[in-house]
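By convention here, the first residue in the shown sequence is residue 1.
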Amino acid sequence: MIDLFRHRIVETGRLPLFGFFTAFILTFVLTRVIVRLIRANVSGWFGNVRAGDTHVHHVVFGVVLMLVGGVASLATPDAYVALDCAAAVVFGAGSALVLDEFALLLHLSDVYWTEKGRASVDAVFVAIAVTGLLLLGIRPFGFADAVPDPAGSALARAYFASTVANLVLAVITLLKGKIWTGLIGLFLPVLLVVGAIRVARPGSPWSRWRYAPDSRKYQRAVHREVRFRRPLIRAKIWVQEFIAGRHDLIPPELLQRSADAAERARRRRVARAARKAAARDRRRAQRRTTAREQRRAAAREERRAAGRGRRSVADRLQRRAFARGRTSATARRLTRRLGADDPPQPPRPPHPRRKLPTRR
């Protein structure tokens, strides 16, 4: 094992890359263990780093370590392999801290334990895969030791054409939604050919641009997504949660959105209740007004009818009294009792008696 390490790592000059790879993995695993213990509120364990009321994310420390490691690696002479390796270790630790919060940089929001936080774990896995392939001696675009000839020979032209073709295939594969196939295909070009030929994933840019919803290719893409892709995604999520913890918190924007929706619903309920109460009060007021007006109308009608009755009785008595040429005390008493306020009407003149013709 030691001889294999010396032959494949030390003698090939990949010792700094090995230090980067090892520090990257160890820092990521240690960081995830620490944050999971902090989330579980384990007693006796330190908490989050704060500067007053500000929570300092570990991406800040990662940026500082990357800066220190990168500058140290550039400033170290080639003869000092140990210093170069130490700088690569520092750079690897900082890279792990930064990529562990890749979702924070991508969404500019603290989505570490939400579903969007899985983007950080995906970025870490991609970095590990790419670094592992480089550590095994696999170079991008399928060339291990080919060096382009600056004189413009056939080898240089073939290298340039192959590089352009692989880049085009990689872009097509990524547009079809096959991220892992496109990235690993940079090292294994046969994967790019397969990814570029096969149908795109539903929802990818290539599918939106070239597949109609009722086309056969789109139906094939949906069938393959349900039958093959989703079981792989579930397995990948299980591995991610086993290593990095469950990302089951509700995103802050969804919490704010649900709070806004609840507030709008409460305002609608209050407004609806106010409208119902106002309509109920209007109906009650209308009923009371109608009942009052009906009572008043009935009272007026009764008074009018009673007044007509009293005036008719008083008028008859007065007419009789004037017809007799005198006003009886009984008529005056009944007139006062009945409330005849109208002035007494003058009596009708007596009907002239027709004189009989006299005989001569």
Side-chain angles (χ1 to χ4, degrees), residues 53-55 107-117 202-203 207-208 212-214 218-219 222 226 246-360:
D53 295 334
T54 303
H55 171 63
H107 300 284
L108 295 179
S109 178
D110 191 4
V111 292
Y112 193 82
W113 292 116
T114 65
E115 186 176 356
K116 293 181 179 179
S207 176
R208 293 196 303 267
D214 55 347
Y218 184 79
Q219 300 299 329
V222 173
V226 174
R246 295 182 61 87
H247 297 78
D248 53 358
L249 292 184
I250 301 177
E253 58 270 16
L254 291 183
L255 287 176
Q256 184 64 33
R257 195 178 306 167
S258 61
D260 294 341
E263 180 64 21
R264 289 194 297 268
R266 187 190 67 82
R267 291 179 180 177
R268 287 195 296 267
R269 288 194 300 268
V270 170
R272 192 182 305 115
R275 289 195 298 269
K276 288 183 178 180
R280 186 169 55 251
D281 294 340
R282 286 196 299 270
R283 289 194 298 270
R284 290 178 180 176
Q286 291 176 358
R287 286 197 296 267
R288 287 195 297 266
T289 303
T290 304
R292 189 182 303 111
E293 291 178 353
Q294 290 177 354
R295 289 195 299 269
R296 289 178 179 176
R300 285 195 299 269
E301 188 65 26
E302 290 178 359
R303 288 194 298 269
R304 192 178 296 114
R308 285 197 298 267
R310 288 193 295 269
R311 283 193 295 271
S312 61
V313 173
D315 290 342
R316 286 197 300 272
L317 292 175
Q318 290 178 0
R319 290 192 189 98
R320 288 177 184 176
F322 283 113
R324 295 172 183 173
R326 55 186 173 80
T327 302
S328 63
T330 304
R332 289 194 301 271
R333 187 168 57 253
L334 289 175
T335 300
R336 287 194 301 270
R337 184 180 302 172
L338 292 174
D341 298 332
D342 297 337
Q345 302 292 332
R348 294 181 180 179
H351 185 72
R353 294 180 181 181
R354 184 174 61 181
K355 295 181 180 181
L356 298 175
T358 56
R359 295 178 183 179
R360 295 180 178 177

Just distance, no hydrogens or angles: give the donor-acceptor pairs under 3.5 Å from side chains in residues 263-291, sequence neighbours left out.
from   : atom 1 : to     : atom 2 : distance (Å)
Glu263 : OE1    : Arg266 : NE     : 3.4
Glu263 : OE2    : Arg266 : NH2    : 2.7
Glu263 : OE2    : Arg267 : NE     : 3.2
Thr289 : OG1    : Ala285 : O      : 2.7
Thr290 : OG1    : Gln286 : O      : 2.6

(Q) To check you understand the geometry: which heavy-atom pair defines the closest contact between Asp214 and Gln219, and what is its length? (A) CA-NE2, 4.3 Å

Q: Applying ring pair (Phe, Tyr, Trp, His ring centres under 6.0 Å), name anything that partners Tyr112, two or more places apart in sequence or on another chain.
A: His58

Q) How close do Pro202 and Ser207 get, heavy atom to heavy atom, and via which atoms? A) CA-OG, 4.0 Å

Q: Taking all non-hydrogen atoms of both residues into account, name the closest pair between Tyr218 and Pro213 and its distance.
A: CD2-O, 3.3 Å

